[in-house]
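One structure is given here, and the rest of the page talks about it.
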There are 2 protein chains.
Amino acid sequence: MSESNLTIQDCPYFTVQKVLAGKWSLLILHFLSESTLRFNELQRKLDNLTHATLAKQLKQLEGFGLIIRKEYPQVPPKVEYSLSDLGRKLIPSLESIFVWGDEYLKYSVSKNKN
Amino acid sequence: MSESNLTIQDCPYFTVQKVLAGKWSLLILHFLSESTLRFNELQRKLDNLTHATLAKQLKQLEGFGLIIRKEYPQVPPKVEYSLSDLGRKLIPSLESIFVWGDEYLKYSVSKNKN
DNA sequence: CGGAATCCAGCAGGATACTG
DNA sequence: CAGTATCCTGCTGGATTCCG
């Protein structure tokens, strides 16, 4: 009930923060934008990450509708992750933010500030 | 010491996540992109936010070098926040993400999924 | 191989109260 | 007006272990 109380939480700015808040979300989306990946392939690219954590992050992103989980019914199991249409639409903007991140890193270095 | 162990944490993807992780960062950056604002003005735009929380978020962003805090030595105090050059460079990318956020919200509604 | 179930620790965000 | 100082709480990420 009470659908009527539209708050700041419903605005796109906040929504984006919510959807991309996961510590590894950006990284995962980036890797999946390059190619569809199996669970373990993804994990290898995110080396410090335990599979439990990765699984949670993937579930989150899947829940938000950004990625698609495709399971092949076979033994041993094979699961592939890829971007949904929604996720794919996000990529160009993300890439442009990453370019900024690159500049930011250089700036930080030049400021001698970790 | 040991500057040599470059990890995934040093890549732009992860850096962006770190810098923008704050729950209100995106919102704050957006509002400041429209105009320089005083502390209270900003707080009014983020209605559910206590001043303590806002202060912390602002300190974060200032620490990352995204915003600039200008204090006018007078009574009562007056402090203005604005984007730094670094912060301003980020805005176009952010705006394009927000457009996506808008689409995302519509999509969510159409899926009847909050 | 991919994942679910627990458990745990850290920390970020928020509430409240005090300061110059 | 614009903060700090505490304190508290919930969540999120991570470690570990078990399952199909």
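Note that the structure is predicted; figures quoted are calculated from it, not measured. So that the names make sense, note that chain A is the first sequence line, chain B the second, and so on, each numbered from 1. Basis for what follows: all heavy atoms, side chains included, without hydrogens, waters or symmetry-related copies.
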Just so I know, are the side chains of [X] and [Y] near enough to count as touching, which here means a heavy-atom distance under 4.5 Å?
X	Y	answer
B:S35	B:E41	no
A:Y81	A:L37	no
A:L94	A:L20	yes
A:L42	A:I28	yes

Separation of [X] atom [atom1] from [N] atom [atom2], in whole Å?
X	N	atom1	atom2	answer
A:I8	C:dG13	CD1	P	15 Å
A:E71	C:dG3	CD	P	7 Å
B:L37	D:dC1	CG	P	15 Å
B:L42	D:dC1	CG	P	14 Å
A:K78	C:dC1	NZ	P	13 Å
B:L54	C:dA15	CG	C1'	15 Å
A:K70	C:dG2	NZ	C1'	17 Å
B:K59	C:dG14	NZ	P	17 Å

**Asked** Is the backbone N or O of B:L83 less than 3.5 Å from a side-chain atom of B:R88, with the two atoms forming a donor-acceptor pair by type?
**Response** yes

With hydrophobic residues grouped by side-chain heavy-atom distances under 4.5 Å, do A:L105 and B:F64 end up in a single group?
no

In B:L46, B:L58, B:L54, the residue satisfying side chain to side chain contact (heavy atoms under 4.5 Å, CB included) with B:W24 is B:L46

Query - Residue pair A:T53 / A:T50, side-chain donor-acceptor N/O under 3.5 Å - result: yes

When the rotation axes relating C1' atoms of four end pairs to the next four are compared across the helix from C:dC1-D:dG20 to C:dG20-D:dC1, five pairs an end, they differ to 10° by 40°

Measuring to OP1 and OP2 of C:dG2, would you say a side-chain N or O of A:R69 lies under 4.0 angstrom away? no

### Task
Verify the contact: side-chain N or O of A:R38 to OP1 or OP2 of C:dC1, cut-off strictly under 4.0 Å; return yes or no.
no

Look at all strands and tell whether A:Y81 reaches a base, only sugar-phosphate, or nothing, counting heavy atoms closer than 4.0 Å. sugar-phosphate

Per-nt protein contacts along nucleotides 5-19 of chain D (heavy atom under 4.0 Å; B base, S backbone sugar-phosphate only, - none) come out as B-------BBBBB--

_Plane angle bin for A:Y13 and B:F98 - parallel if under 30°, tilted between 30 and 60°, otherwise perpendicular_ = perpendicular

